[in-house]
Each structure stands twice: as structure tokens, then as C-alpha cells.
Amino acid sequence: MLRRALPRRTDARRIMLGTLLSAIGRGLTLPFLFIYLTDVRGLTDARAGLVIGWYGVVTLALSPLGGTLIDRMGARWVVVPCLVIEAIGTGSLALVHSTGSALLVMTVIAIGSSAIWSGQNTILASLTDDDERQRVFGLNFALLNLGIGVGGMTSGAIVDTARPGTFQTIYLLDAVTYLLPALILLTLPGVGHRLGRRRGVDEPSPGGYLTVLRDRPFRRLVIFGLVLTTCGYAQIEVGFAAYAVRVAEVNPRVVAWALAANTVMIVLAQLLVIRRIEGRSRTRALAVVGAVFATAWLVLGAAGLVTGESALLAALCVVACSAIFGFGETLLSPVMPALTNALATDELRGRYNAMSSMIFGISGVIGPVTAGPLIGAADGRVWVATVVGGCLVASLIALSLRRLLTTEQDGRATTATTATTSTAPAPTPA
């Protein structure tokens, strides 16, 4: 399954190697930003949430510019500088000492990260064919989570809130790992250039973001993504951790184990899921994602109900929630970018991917800001009801999208192609 999921072109494989290496650094710091700002640097919970939310605001504001530059200049001329900026900002987190300095550093990080995801997805899409793109995006996500898991387990054995130097070390190491994919991209001179051809003076413009937003199927996909990520991904860093520790009353170490379970689920299940969904409706897969996320939050809600009776059962519910959520991610990760790029044209591919990444920027603002007050209401029951309901609404939106797509865009016409490809000899690597 791994061999089948690998992209045919060697250049694409090297890009994915860069993803893995940088993800290890990301994993060193990802679970600990909120804890670092509050328990080590002394920010209040509200101010730490504001800082994290500010990152989402800046990312959201700059993502459209990143998509435009990718289409006009080529992804490599945007991604490489952004990776360098991200490295500078991440390393500077080691020097944060106040709310103001935290906001400044997170602004730098947001500037760097605003175009990295959309740029890398554009590059991968340009290096893969339609019949392999869904598999490649799924494998790329598995590598991302494998790296995050390795980094998270490493930092979990290092960090200590009583020793700020341990946190400074992991942020500096994270900064170094952001330079590795930049170096790999620099060694691939033929990768990441402008996709759309240059037009003459009298030729009409291919359009901009208004053209993208006029694409009704893509607009529906964006709405689905906004609802799902606001009630899903955006709740992981703040809502999930806060509910687990303060309502379910589990030890913070259980949260770390839960994140590890999430990673293990993704790494072990991703290739199998890729194989199972190939040739099947992408919109139905997205609908299943909403149902799986809702189930995960219900299990977490159960942890808050049983904590007084059994601490062990509450801990198991927290870990199970994260693992179930990870299974949903294995469905979402190959389908969402594949569908985005199936709807995109070469001239506007950067903007389509930027719009897709903006979904996370918007939810990254809403999630951290709303999670605290919702968890504080009725012992977290309001928060659980909100995120469960939101995920189910996302499922309904996904089902409504199917009638707007062609069979090819929905992934239902790839079965014959898959059979042909599987019987063909594997290409010899360059």
C-alpha cells in the first residue's frame, strides 16, 4: 500500500520528505504553546487565547495575497521565503516574555505560515496526476502526523514548566527544521514555477478570487470546511485540552498520550483508508468525517460525566476521543485537497488552495476565542453540544455538495482508472 501511495515523480517524493522533516520540529512545540504561554511565561488563559487567535487573524488576512503571488510568480518563490520567515518567528518564541512580545512573534510566524500550506499543496498538485493525487495527499498527511508524533514524544520527555530553558530548546530546534524543506526545494530548480501560461495584452484575464468564489461547488466546499474545522480542528489546541484537564479532570500527561493516540491512529490507518475510499464518492467521505468527529466529541463529553466515578475511565475516554478524531482525519486529509484541486484550474490553482487554507485561518480565530466561555458554561455541556451539532451540520452540507459535482470531481469515475493503474508496471524512479 505504501508503494502504491507514493507519487510517481521523484521530485514529489523529495517534497514529501521535507514535509516529514519539518513536521518533526512542529511536533516538538505543537502540544505546548498554550502551556508555554501560561505556565512558563505567565500569561493569563484569556491573553494566551488572544495570542493564538491573533495568529489566526493575521494568517487569514495574508492568505489571499499568498495565493495571488503563487499564481503570478510560482509557488517556489513564495514558499521558500515563507519557510525562512517561519523559522525566524518560531525561534523567537524562545525569547517571549510578555503579551506584547508574544503578539509580535506570533505575527511573524503568521506571515511565514500564511502561504506555506497553499504553496506546498500547489506544488504537490503540479507534480501528480489526477488518478494519484488523492493517494498522495493522504500519504503526505500521514507523514506530517508521523513527524508531529515523533516530535511530540521527544519534547514530552524534555519539557518541564519549572525549567524555561527546555521550552526554549524545542522552539530553536523547531526553527531549524523549517529550513530543511526550503533547502530541498532549492535543490529542485524545475519545481514550483508558475503553472498558468503568460497571456498577451489583448487576452482576457483568468480572473481572481471573485472567479473562485463564483465557483458554486467550491463555495459549498468552503462552507463545509468552515463549519467542520471550527467545530473540529480549531477545538483541539484549546477546547479539547481545556475540557480534558478542567472538566474531565485528567492529568495533563493524559492529554499528551491522547495526542499520541491520535498520531498512531493516523499513521496506521491512513494507507488502508486511502485504499478503501479510492473510486468512492468524495462527498460521502466528507459526510462521514463530520459524523466521526461528532462521535469523538461525544466520547470526550462522556469523560466529563464519569470523572467523579472513575479517573481511569475518564482518561480512557479522553484518549479514545483523540483516536476516533484521528480516524476522521484520515478520511478528510486525502479528500479535501484532492477535491479542491479537481475544481481548480492551473491559472487559479494557487488561489483555490489559498482559499482552502483560509478555512483553517478563520476557524483558528473562532475556535480559541469561543472555546473558553463555552467550556465554562454548564460544566462544558454547552461546548460539547455545540461542537457535536456543528460537525453533524457539516455532514449535511457535504451531502448537499454531491449534486453540484461531476462524477469525476466526486471521485466516482476513478475505479476503472485504478484497475488499469494497478496492473501497470511501476515506473522506474528517476
Any sub-3.5 Å donor-acceptor pair from [X]'s side-chain atoms to [Y]'s backbone N or O?
X      : Y      : result
Tyr352 : Thr345 : no
Arg351 : Gly67  : no
Arg133 : Thr128 : yes
Arg13  : Pro7   : yes
Asp410 : Arg412 : no
Ser63  : Met358 : no
Arg280 : Arg276 : yes
Tyr36  : Phe167 : no

Compute whether any side-chain donor of one residue and acceptor of the other, for Arg14 and Thr187, lie under 3.5 angstrom apart.
-> yes

Taking only residues two or more places apart in sequence or in another chain, which ones pass side-chain contact (heavy atoms from CB on, under 4.5 Å) with Ile223?
-> Ile397

What distance separates [X] [atom1] from [Y] [atom2], expressed to the nearest 0.5 Å?
X      : Y      : atom1 : atom2 : answer
Leu401 : Leu396 : CG    : CG    : 13.0 Å
Gln168 : Leu95  : CD    : CG    : 7.0 Å
Thr330 : Leu272 : OG1   : CG    : 8.5 Å

State plainly whether the residues Arg246 and Asp45 are in salt-bridge range, i.e. N to O under 4.0 Å.
-> yes

Begin with the C-alpha distance, continue with both residues' side-chain angles, and end with the deciding distance and a verdict on side-chain contact (heavy atoms from CB on, under 4.5 Å) for Leu28 and Val159.
-> CA-CA 9 Å; Leu28 290 171; Val159 298; over 6 Å; no

Any side-chain hydrogen bond (donor to acceptor under 3.5 Å, both in side chains) involving residues 50-60? Give me the pairs, sequence neighbours left out, ordered by first then second residue.
-> Trp54-Thr107, Tyr55-Ser113

Sequence neighbours excluded, every pair satisfying side-chain hydrogen bond (donor to acceptor under 3.5 Å, both in side chains) that has a member inside residues 77-95 = Glu86-Tyr178

Positive for side-chain contact (heavy atoms from CB on, under 4.5 Å) with Cys321, one of Leu298, Leu316, Leu300 = Leu300

Please list every donor-acceptor pair under 3.5 Å in which a side-chain atom of residues 287-297 meets a protein atom from a residue at least two apart or in another chain.
| unit_1 | atom_1 | unit_2 | atom_2 | d |
| --- | --- | --- | --- | --- |
| Thr295 | OG1 | Ala291 | O | 2.9 |
| Trp297 | NE1 | Cys231 | O | 2.8 |

Please step through side-chain contact (heavy atoms from CB on, under 4.5 Å) for the pair Leu124 and Asn140, ending with a clear verdict.
-> CA-CA 9 Å; Leu124 268 184; Asn140 192 59; 3.8 Å; yes

Any idea which heavy atoms bring [X] and [Y] closest together, and the distance?
X      : Y      : value
Gly138 : Gln270 : O-CG, 3.3 Å
Arg135 : Glu278 : NH1-OE2, 2.7 Å
Ala75  : Ile123 : CB-CG1, 3.5 Å
Trp117 : Ser357 : CD1-CB, 3.9 Å
Val387 : Gln235 : CG1-CG, 3.8 Å
Thr122 : Gly350 : OG1-CA, 3.8 Å

Does a side-chain heavy-atom distance below 4.5 Å link [X] with [Y]?
X      : Y      : result
Val105 : Tyr171 : no
Tyr233 : Ser363 : no
Leu226 : Ile359 : yes
Val273 : Ile277 : yes
Ile85  : Val108 : yes
Leu332 : Leu286 : yes
Ile15  : Gln120 : no

Would you please test Met355 and Asp215 for side-chain contact (heavy atoms from CB on, under 4.5 Å) and show each step?
-> CA-CA 12 Å; Met355 282 289 296; Asp215 184 340; over 6 Å; no

Show every donor-acceptor pair shorter than 3.5 Å between a side-chain atom in residues 254-267 and any protein atom, with sequence neighbours excluded, or say none if there are none.
| unit_1 | atom_1 | unit_2 | atom_2 | d |
| --- | --- | --- | --- | --- |
| Asn262 | ND2 | Ser322 | O | 3.0 |
| Asn262 | ND2 | Glu329 | OE2 | 2.8 |
| Thr263 | OG1 | Leu259 | O | 3.2 |

Report the C-alpha separation of Ile109 and Met106 in whole Å, then their side-chain angles, then the decisive distance to 0.1 Å, and conclude whether the side-chain contact (heavy atoms from CB on, under 4.5 Å) test is met.
-> CA-CA 5 Å; Ile109 295 175; Met106 291 304 289; 3.9 Å; yes

Output all residues satisfying salt bridge (Lys or Arg N to Asp or Glu O under 4.0 Å) with Arg9, sequence neighbours left out; order by chain, then residue number.
-> Asp11

